[in-house]
Amino acid sequence: MLDLKFIRDNADAVRKNIADRFMEADVDAVIRLFEERNSLILKTDELRRQRNENAGKMKGKMPPEEREPLVAEGKKLKEEIAEVESRLNQVTEELNSEASRIPNMAHPDAPVGKEDKDNLEISRFGGPTSFSFTPKDHVQIAADLDLVDFDTAARVSGPKFYYLKNEAVYLELALTRYALDILRSKGFIPTITPDIAKEEVLEGIGFNPRGDESNIYALENTGTCLVGTAEITLGGYYSGNILDSAELPIKMAGLSHCFRREAGAAGQYSKGLYRVHQFSKVEMFVYCRPEDSDSIHQELLTVEEEIFSGLDIPYRVVDTCTGDLGGPAYRKYDLEAWMPGRGENGDWGEVTSTSNCTDYQARRLGVRFKEDGKNQYVHMLNGTAVAVSRAIIAILENFQQEDGSIKIPAALVPYTGFDTIGPK
RNA sequence: GGAGAGAUGACCGAGCGGUCGAAGGUGCACGCUUGGAAAGCGUGUGUGCUCUAACCGGGCACCGAGGGUUCGAAUCCCUCUCUCUCCGCCA
């Protein structure tokens, strides 16, 4: 969430930012509740001071006729405090709920626009792959080569689940190893994170764990959820901590499963492995000083490009528009890989996303660092190294051969142990 | 899952209804001492909110978390979480 004083002191800018993002949030309510809360805090503090003072007067022995009026005064104060406190709790709760709807401020250079069509293409690696034959989409390829079984998964687990089979299993493992090795060489600490996290961590990261529109699977009666990304578990890693400024930036790489409800998502653009309820992903996460977050964001983008260009997968980079940013992000870049089987004649499909969330998540999660005796919130950034299911789409569709086989990208062969799949 | 023990500041550790934001020690910072260092001595050393022009100085809160008893709770009671030991089960 944003700093409440910032909201109060920059109400117009905050309102404009909300409008630019096409979101709904009530700035005036936040300011009103903030001031109401502050005045209630003042009131409770004063009443408590009186209570403490009153209690302090009767420490030693004293005759009952002196003690009794003090006890009576104490009882009266106790009731008043209880009443003001209950109002304070109520106002605080409302304030938190309203304030959490206010998105992060957007980077001044982030393109203003409503939806993904308004994203700004800023660079490209390779072009749409050309074929001397009619390319198949990954669903067809996977069926022909017996690599993915959607039908059985639908029966056993439900729609949008899948079994990876045969070489696809090794492809998944190879992609995660390939990505982790690159990240480790760049100073990211490799981790495998829990696949479950507490609701409060989800909320701190900026996810809404409940409700029909939520993309999160909540686990009944546990206060926990399946994670939609390791961003949650990596971002929660230092929650409530004050970090040593000398150890910043902290760069972590996390492998986890990702679970997404994707309620209502269907259609041509979501077919096959593109939008599924479960996939594996290697995520990058960085904690850094505020002044470093812009340059580290560029670094994360560079790493993502290195991973995909290293696989010879054509992609373009887009600077995400304000309407498509998501609440916690200050700025976001996506890599969109060329997917020959997407749409009529192939199309770009998102394979990575990197966001600079500045101090928006750190404030709720309480992640700070100490410098010159002062505590400040760190900046937190995240980025996809490889979302395996979508990377598999890009590989199958771009590297398909006329005979129906798949050529494995050279950089991956040491990890897969084979250089082609099929033909069958 | 069963039985027991525990959770106090950066760390160790006392306190078990008011004199406790919390003894003592360690660490750390600064100063004195020294040719320099060590030792020694002295001083200081949490976080958040809030009042204020001001981290000058006040106020409030925080002793795992939440609730309760009380005029008053680190101290008493309840619930929960976590850690440790033993048993059971198990990848």
Side-chain angles (χ1 to χ4, degrees), chain A residues 1-9 30-96 98-100 192-204 209 218-225 233 236-248 250 255-257 287 359-378:
Chain A
M1 61 180 202
L2 284 180
D3 180 34
L4 295 169
K5 281 184 205 158
F6 176 88
I7 295 172
R8 183 192 61 196
D9 298 339
V30 170
I31 295 172
R32 180 175 52 75
L33 289 163
F34 179 52
E35 301 202 319
E36 191 175 344
R37 186 199 66 164
N38 289 351
S39 83
L40 286 169
I41 286 174
L42 217 59
K43 203 174 278 182
T44 49
D45 280 1
E46 171 58 20
L47 286 168
R48 283 172 178 158
R49 192 192 62 73
Q50 288 175 24
R51 177 198 62 193
N52 293 345
E53 188 181 272
N54 183 257
K57 281 181 195 163
M58 50 182 133
K59 270 189 241 171
K61 282 185 179 167
M62 58 174 64
E65 63 270 23
E66 262 181 63
R67 180 172 224 106
E68 268 163 28
L70 291 173
V71 171
E73 173 68 12
K75 285 188 177 177
K76 199 187 100 201
L77 285 168
K78 186 160 79 160
E79 278 171 29
E80 285 178 39
I81 288 169
E83 192 202 324
V84 178
E85 273 180 346
S86 91
R87 274 167 58 207
L88 175 61
N89 289 340
Q90 196 186 325
V91 168
T92 302
E93 202 172 303
E94 281 175 46
L95 173 62
N96 284 341
E98 287 293 336
S100 68
I192 295 177
T193 82
D195 288 336
I196 289 173
K198 295 183 180 177
E199 286 179 4
E200 66 204 61
V201 176
L202 279 276
E203 283 165 0
L219 299 170
E220 205 171 356
N221 298 327
T222 61
T224 59
C225 305
T233 40
Y237 194 89
Y238 286 110
S239 63
N241 276 72
I242 297 174
L243 302 170
D244 179 354
S245 67
E247 60 190 339
L248 297 175
I250 295 171
L255 169 61
S256 81
H257 291 116
Y287 298 84
D359 59 3
Y360 190 88
Q361 298 172 325
R363 183 168 292 108
R364 177 67 68 82
L365 290 168
V367 188
R368 292 168 296 175
F369 70 103
K370 188 179 280 257
E371 192 161 57
D372 299 330
K374 280 188 188 173
N375 290 323
Q376 308 184 46
Y377 290 108
V378 298

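Computed from a predicted structure; not experimentally measured. No hydrogens, no waters, no symmetry mates; every other heavy atom, side chains included, goes into these values. Below, read A as the first sequence line, B as the second, and so on, with proteins coming before strands; counting in each chain starts at 1.
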Could you give the distance separating [M] and [N] at their [atom1] atoms, to the nearest angstrom?
N     : M     : atom1 : answer
B/C71 : B/C32 : C1'   : 49 Å
B/G9  : B/C80 : C1'   : 24 Å
B/U8  : B/C63 : P     : 12 Å
B/U45 : B/C55 : C1'   : 15 Å
B/G6  : B/C12 : C1'   : 16 Å

When both hydrogen-bonding distances must be under 3.5 Å and the geometry is Watson-Crick or G-U wobble, what is [N] paired with, if anything?
N     : result
B/G36 : none
B/U52 : none
B/U81 : B/A7
B/G46 : B/C62
B/G31 : B/C41

Among B/U50, B/A61, B/G18, which nucleotide has an atom closest to any side-chain atom of A/Met58?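 The closest nucleotide is B/G18.
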
Select one nucleotide: of B/C71, B/C49, B/C51, the one nearest the side-chain heavy atoms of A/Ala55.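 For A/Ala55, the side-chain atoms sit closest to B/C71.
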
Would you check, one step at a time, whether the test side chain to side chain contact (heavy atoms under 4.5 Å, CB included) holds for A/Leu255 with A/Thr193? CA-CA 6 Å; A/Leu255 169 61; A/Thr193 82; over 6 Å; no

If I take atom [atom1] in residue [X] and atom [atom2] in nucleotide [N], what distance separates them, rounded to the nearest angstrom?
X        : N     : atom1 : atom2 : answer
A/Arg49  : B/A61 : CZ    : C1'   : 15 Å
A/Glu53  : B/U19 : CD    : C1'   : 17 Å
A/Glu35  : B/U50 : CD    : P     : 11 Å
A/Asn89  : B/G66 : CG    : P     : 11 Å
A/Asn241 : B/G48 : CG    : C1'   : 16 Å

Listed in order of residue number, which residues of residues 67-79 of chain A have a non-hydrogen atom at under 4.0 Å from RNA chain B?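 Result for residues 67-79 of chain A: A/Arg67, A/Val71, A/Gly74, A/Lys75, A/Lys78, sorted by number.
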
Determine the contact category for A/Lys5: base if any of its heavy atoms lies under 4.0 Å from a base atom, sugar-phosphate if only primed atoms, P, OP1 or OP2 are that close, otherwise nothing.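 Since only primed, P, OP1 and OP2 atoms lie under 4.0 Å of A/Lys5, the category is sugar-phosphate.
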
Quick one: is A/Arg51 getting a side-chain N or O under 4.0 Å of the B/C60 phosphate, OP1 or OP2?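 Answer no for this pair, as no side-chain N or O of A/Arg51 is under 4.0 Å from OP1 or OP2.
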
